[in-house]
Amino acid sequence: MIDTGLRWFAATLCIAGLTHIAAILLAPSHSRDMAFTGVDFSKTDGTLVLVDNRNTSADLDPAFLNAVCRFDDETGPVRLTGTMPGRYWSVAAMSEDGRILSTLSREDLRGTDMDLLVGRTATLDAVRQSAGLESIETMSLPVDRGFLLLRLFAGSLDDRGRAEEALKDLRCRPALSE
Amino acid sequence: MFATIRLILVTLAGVFLGLASAWWAVANIHFDGAQTIGQWSMLEDDAKANPYEAARAARRGGGGLGPSEGIELITETSADNKPLQAACAYLVTGPMPQGVLWTLTVSDRDGHLPVNPARRFGFTSLDAMTFGPARQVRISIGQEVRPGDFVATTGLSSLRLTLRLYSPTLAARAPSRDQLPSVMPLGCDQRGAS
């Protein structure tokens, strides 16, 4: 009787363990609120889409102006161009499930002019050659699909104004469309 | 017949236990040995090798900081090791890392921000008042307005404080316990506190 009870108990623990492992491993790819997948990118025309707690569930810093740009199989590598504001900013490339793959911040860039090529490692060289982009900052990623998240510090009214101005002029376009 | 019923019950119990433990492990950042500094725990959204961190990042919907951006610290407990409650008032007091852009955000445990007309969700290194040569901060949090730097917790059902430190060097050399503030309890609204 005890042996049977122990066997059933062990079976319960085994099923619990397998369920636990499966739930943890599947969570990133089956999350209900995957990064910025709910954001409407249809009317962007090269501009970045402003994101905050109204259109994304991502846990973003409200002291920043956060904007995203999508890249996928259709766009291929994307090129981010514009002038960055003086105060703190950063660019993060994220996979669709919200994991950060690569980042670039103010300290990594000389000056304020941004010209950044982002995409899968294998496609970047081809794009650089065909578009004649030899001396350009690159962000080489292991994925074809994801998001570029731009954070511009907007902690005060002045900073917010500067960040909004900078955001208006920033462009994120498929690199091969230019 | 009895064996079939027992098999179904064991399977259901196992699945329930597995899901409940997975939920608890993802919600509890101390489960897989997240780095802690005093009462603050470090979030690492880029920890690809750790499936719990990956699940946690997915649950938060992304938006965490990468290593060259800075570090993100959260606390859901006060200095006396009790869970933070939205119905209680707290004082975030002590030093902040010097020469670093920091932001302190008040939210609930799901990341929802408080509802207030001033859209004041926290303070930053550029707008917080500092005191003394160590430039210590004193930021009050609660439902009743307090003098000095204050963030209202209106509309929150739970409480979490997120301290983001923006500097690429911090990922390699995190601040020490005595470079970070503590969250001191100031008392609770008896109607709201459980």
Side-chain angles (χ1 to χ4, degrees), chain A residues 4 8-9 11-36 51-53 56-64 66 87-88 90-108 147 149 151 153 155-156 159, chain B residues 6-7 9-23 25-26 43 45-48 51-70 72 101-105 107 110-113 119-127 162 164 166-169:
Chain A
T4 311
W8 284 112
F9 181 66
T12 308
L13 286 185
C14 282
I15 294 168
L18 290 173
T19 309
H20 178 99
I21 293 167
I24 295 294
L25 293 180
L26 291 175
S29 53
H30 289 78
S31 176
R32 213 175 13 167
D33 305 308
M34 287 202 295
F36 307 107
V51 284
D52 55 24
N53 58 351
T56 178
S57 61
D59 197 3
L60 300 169
D61 191 339
F64 278 66
N66 299 284
R87 200 78 85 173
Y88 182 89
S90 71
V91 180
M94 305 166 73
S95 60
E96 286 200 306
D97 60 17
R99 276 183 303 123
I100 298 209
L101 303 170
S102 183
T103 54
L104 180 82
S105 63
R106 193 183 61 168
E107 284 82 359
D108 302 318
F147 303 93
L149 169 63
R151 307 178 214 255
F153 183 71
S156 69
D159 286 318
Chain B
R6 197 153 57 174
L7 182 66
L9 285 177
V10 162
T11 307
L12 288 176
V15 168
F16 174 77
L17 273 178
L19 289 176
S21 62
W23 179 261
V26 171
L43 293 179
D45 275 10
D46 64 315
K48 294 167 201 159
Y52 292 102
E53 288 293 351
R56 234 167 256 143
R59 189 179 170 214
R60 296 174 70 216
L65 300 180
S68 88
E69 295 178 292
E72 207 167 357
L101 174 66
W102 58 260
T103 67
L104 179 75
T105 308
S107 70
D110 292 323
H112 299 126
L113 299 170
R119 293 182 62 79
R120 168 62 75 181
F121 309 124
F123 281 88
T124 75
S125 50
L126 300 176
D127 61 6
T162 306
R164 295 175 174 97
Y166 292 92
S167 170
T169 56

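So that the names make sense, note that chain A is the first sequence line, chain B the second, and so on, each numbered from 1.
Counting heavy-atom pairs closer than 4.5 Å to chain A, the top-ranked of the candidates B:Asp127, B:Leu12, B:Leu7 is B:Leu7. Most heavy-atom pairs under 4.5 Å with chain A, from the set B:Leu17, B:Thr11, B:Leu9, B:Val15: that is B:Val15.
Ring geometry, A:Phe64 versus A:Tyr88: the interplanar angle exceeds 60°, so the pair is classed perpendicular (tilted spans 30 to 60°).
Residue contact with chain A, scored on non-hydrogen atoms closer than 4.5 Å, involves the backbone and the side chain of B:Ser21 alike. Interface residue B:Leu19: backbone and side-chain heavy atoms are both found under 4.5 Å from chain A. Residue A:Leu149 touches chain B through its side chain alone, counting heavy-atom pairs closer than 4.5 Å. For A:Asp159, the part lying under 4.5 angstrom from a heavy atom of chain B is the side chain only. Heavy atoms of A:Ile21 lying under 4.5 Å from chain B are absent altogether. Looking at A:Leu25, only its side chain comes within 4.5 Å of chain B, counting heavy atoms on both sides.
In B:Trp23, the CH2 atom is not crowded: 12 or fewer heavy atoms of neighbouring residues, nucleotides or ligands sit closer than 6.0 Å.
Side-chain atoms of A:Ser105 come within 3.5 Å of backbone atoms of B:Ser68 as a donor-acceptor pair (strictly under, hydrogens ignored). Proximity of a side-chain donor or acceptor of A:Asp61 to a complementary backbone N or O of A:Ala63 within less than 3.5 Å is detected.
With rounding to the nearest 0.5 angstrom, the CZ atom of B:Phe121 is 13.0 Å from the OG1 atom of B:Thr103. The OG1 atom of A:Thr103 sits 9.0 Å away from atom CZ of A:Arg151, with the distance rounded to the nearest 0.5 Å.
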